[in-house]
*Asks:* 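Quick one: this structure, given as structure tokens, is what I'll be asking you about.
Every value quoted in this text rests on a predicted model; they were computed, and no experiment measured them. Counting starts at 1 for both ligands and their atoms, following the listed order.
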Amino acid sequence: MHAVIVGAGIIGLATAWRLVERGWSVTIVDPSPGEGASHAAAGMLAPASEVVWGQTPLYPLMMRSAERYPAFAERLAAASGHDLHYSRTETLVCAGDAADRASLIELADLQRSLGLAVDVITGSAARQLEPALAPGVAAAVRLSGDHSIDPRRVVAALLSLLGGSLVRHRVEALISDGTRTRGVALADGQNLVADQVVVCAGADAGQIEGMPELPLRRVWGDVLRLSAPRPLRPLVTRTIRGLVRGRPVYLVPRPDGSLVLGASVREDGVSGISAGGVHQLLRDIERVVPGVEECEITDITARARPGSPDDVPMIGRVDDGCVVSTGYFRHGILLTPLGSELTADLVTGAPPDDELLRTVDPNRFSLLRQGVPR
Ligand SMILES: Cc1cc2nc3c(=O)[nH]c(=O)nc-3n(C[C@H](O)[C@H](O)[C@H](O)COP(=O)(O)OP(=O)(O)OC[C@H]3O[C@@H](n4cnc5c(N)ncnc54)[C@H](O)[C@@H]3O)c2cc1C
């Protein structure tokens, strides 16, 4: 059996890898593999610190995918021989001032009510753990289950395993025989025939001719890569998330001493790097880890997160020959093990987890619009 995967971001590549493991042959089509949202992502695997009010269906998905991460990362590292910079060190969420402390403690109560391991500590206890924290940090929450990985390394590892199956072209359209999808038409005029087409084109999934309308929105984020001067290394030893006047900011350390500072959240349609977004990140992190001012900026990237109306992915069948897997919004790196497994299950016809499929059904919005009970 042969699948054409449209999109070589982390979701398309991980899905392709799972299909190959199940004995399928794959062709992956992408004009710029690994250069979409997956190139920008900080790689926080954060089921607890990503908990926010009003996103109930998302938590179980994040938890289930987080449980799968150790096995996923170990298998990928072993198969590819790549170091993925996978870190299972805890995350510390810090309140920039007393007002932020109140919000942090309210959020900690919500996280605890969901059964997550949450430990609230004072600002001075936090500074003992991380001496680079600012004197103004008023309190912090320790989240032992929130880890990190380097998504660029994950993508490189997957490409090293699958590179021979890659075609560097844009898919223009799905090819249908009138009843089901039979393949894809490329921008250079070639057609590729497939038993199954899997659309993992991130924020662009709805732009392919023949795809149903998908309620995707582009949520842009600016993110900086930094290098700390040698005498300051390691600037921090765990992921530091800050709440500064209600705005989130984070700093993710990598084992090589580099840091990722992110990320703005904008729906302004500006596809390049936003001066305002970068300025705000630097201003906010200064309230939490002032030593960032001493760092060298090595890279600034802006990309669009593929958002759905309820921030839950859209994974499901388009027709008998086509599956879509997109809408991973700000959790696509965390959700990769679960999302790629579910997508591969749909493609191969493995027995479905019906409840999970209902949660991520791409048609759930139209059903809700029509008032059809789910
Ligand atoms: C600033 C930022 C920070 C983030 N931080 C985190 C984080 O810390 N943790 C986390 O879990 N998630 C994070 N995310 C979210 C995560 O990056 C995304 O959810 C995830 O990368 C989505 O993966 P994807 O493969 O669906 O999409 P993408 O990585 O965007 O890949 C889609 C691919 O499809 C290709 N494509 C598009 N159209 C076509 C076509 N017509 N033909 C062929 N190919 C096509 C594109 O070239 C692209 O390579 C972050 C995102 C951003 C922007």
*Asks:* Using a heavy-atom cut-off of under 4.0 Å, does the side chain or the backbone of F329 touch ligand 1, or both, or neither?
*Replies:*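 Near ligand 1, F329 shows its backbone, while the atoms from C-beta on stay back.
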*Asks:* Return yes when T326 approaches ligand 1 closer than 4.0 angstrom through a heavy atom, no otherwise.
*Replies:*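 T326: no contact with ligand 1 (<4.0 Å).
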*Asks:* So for Y250, does at least one of its heavy atoms come nearer than 4.0 angstrom to any atom of ligand 1?
*Replies:* yes
*Asks:* If we set the cut-off at 4.0 Å for heavy atoms, which region of I10 has an atom near ligand 1: side chain, backbone, both, or neither?
*Replies:* both
*Asks:* Does this structure show an ion pair linking R152 with D299, if we count only N-O contacts that are shorter than 4.0 Å?
*Replies:*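 The answer is yes: the pair qualifies as a salt bridge.
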*Asks:* Residue-level breakdown please: for L13 versus ligand 1, do any non-hydrogen atoms fall below 4.0 Å on the side chain, on the backbone, on both, or on neither?
*Replies:* neither
*Asks:* Using a 3.5 Å cut-off on N or O atoms only, is P31 in polar contact with ligand 1?
*Replies:* no
*Asks:* Short N/O distance, under 3.5 Å, between L334 and ligand 1?
*Replies:*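 Indeed, backbone or side chain, L334 has an N or O that close.
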*Asks:* Polar contacts were defined as any N/O atom of the residue lying under 3.5 Å from an N/O atom of the ligand; does this apply to I333 and ligand 1?
*Replies:*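 So ligand 1 has an N or O lying under 3.5 Å from an N or O of I333.
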*Asks:* Under 3.5 Å between some N or O of ligand 1 and some N or O of M44?
*Replies:* yes
*Asks:* Say whether, by atom type as modelled, one donor and one acceptor occur between the side chain of T298 and the main chain of R225 under 3.5 angstrom.
*Replies:* yes
*Asks:* Given R170, R218, M211, which one has a non-hydrogen atom that is nearest to atom 40 (C) of ligand 1?
*Replies:* R170
*Asks:* Set out, in order, the CA-CA distance, both residues' side-chain angles and the distance that settles salt bridge (Lys or Arg N to Asp or Glu O under 4.0 Å) for D256 and R254, then state yes or no.
*Replies:* CA-CA 5 Å; D256 61 3; R254 300 274 190 242; over 6 Å; no
*Asks:* Rounded to the nearest 0.5 Å, how far apart are CD1 of I240 and OG1 of T91?
*Replies:*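 It is 8.0 Å, given to the nearest 0.5 Å.
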*Asks:* N/O of R303 under 3.5 Å from N/O of ligand 1, yes or no?
*Replies:* no
*Asks:* Taking the cut-offs as 6.0 angstrom to the six-membered ring centre and 45 degrees off its axis, would you call R217 and F329 a cation-pi pair?
*Replies:* yes
*Asks:* Does ligand 1 have an atom that lies less than 4.0 angstrom from a heavy atom of G262?
*Replies:*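 It does not, in that no heavy atom of G262 comes within the 4.0 Å cut-off of ligand 1.
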*Asks:* Answer with side chain, backbone, both or neither: which part of P151 has a heavy atom less than 4.0 angstrom from an atom of ligand 1?
*Replies:*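 The answer is neither.
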*Asks:* What about A37: any of its N or O atoms under 3.5 Å from an N or O on ligand 1?
*Replies:*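 N/O-N/O distance below 3.5 Å exists for this pair.
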*Asks:* Polar-atom distance check: G332 versus ligand 1, any N or O pair below 3.5 Å?
*Replies:*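 Yes.
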*Asks:* Any N or O of A41 that comes nearer than 3.5 Å to an N or O of ligand 1?
*Replies:*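 Looking only at distances, the answer is no, because the N/O contact criterion of under 3.5 Å is not met.
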*Asks:* Is it possible for you to check whether R22 lies under 6.0 Å from the centre of the six-membered ring of W17, through NZ or CZ, and within 45° of that ring's axis?
*Replies:*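 Judged by the rule (NZ or CZ under 6.0 Å from the ring centre, within 45° of its axis), R22 is not positioned above W17.
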*Asks:* Test your reading of the structure: does V171 have an N or O sitting under 3.5 Å from an N or O of ligand 1?
*Replies:*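 Checking ligand 1 against V171, an N or O pair does fall under 3.5 Å apart.
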*Asks:* As a check for students: among R305, E50, R330, identify the option with a heavy atom nearest to atom 13 (C) of ligand 1.
*Replies:*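 Result: the heavy atom closest to atom 13 (C) of ligand 1 is in R330.
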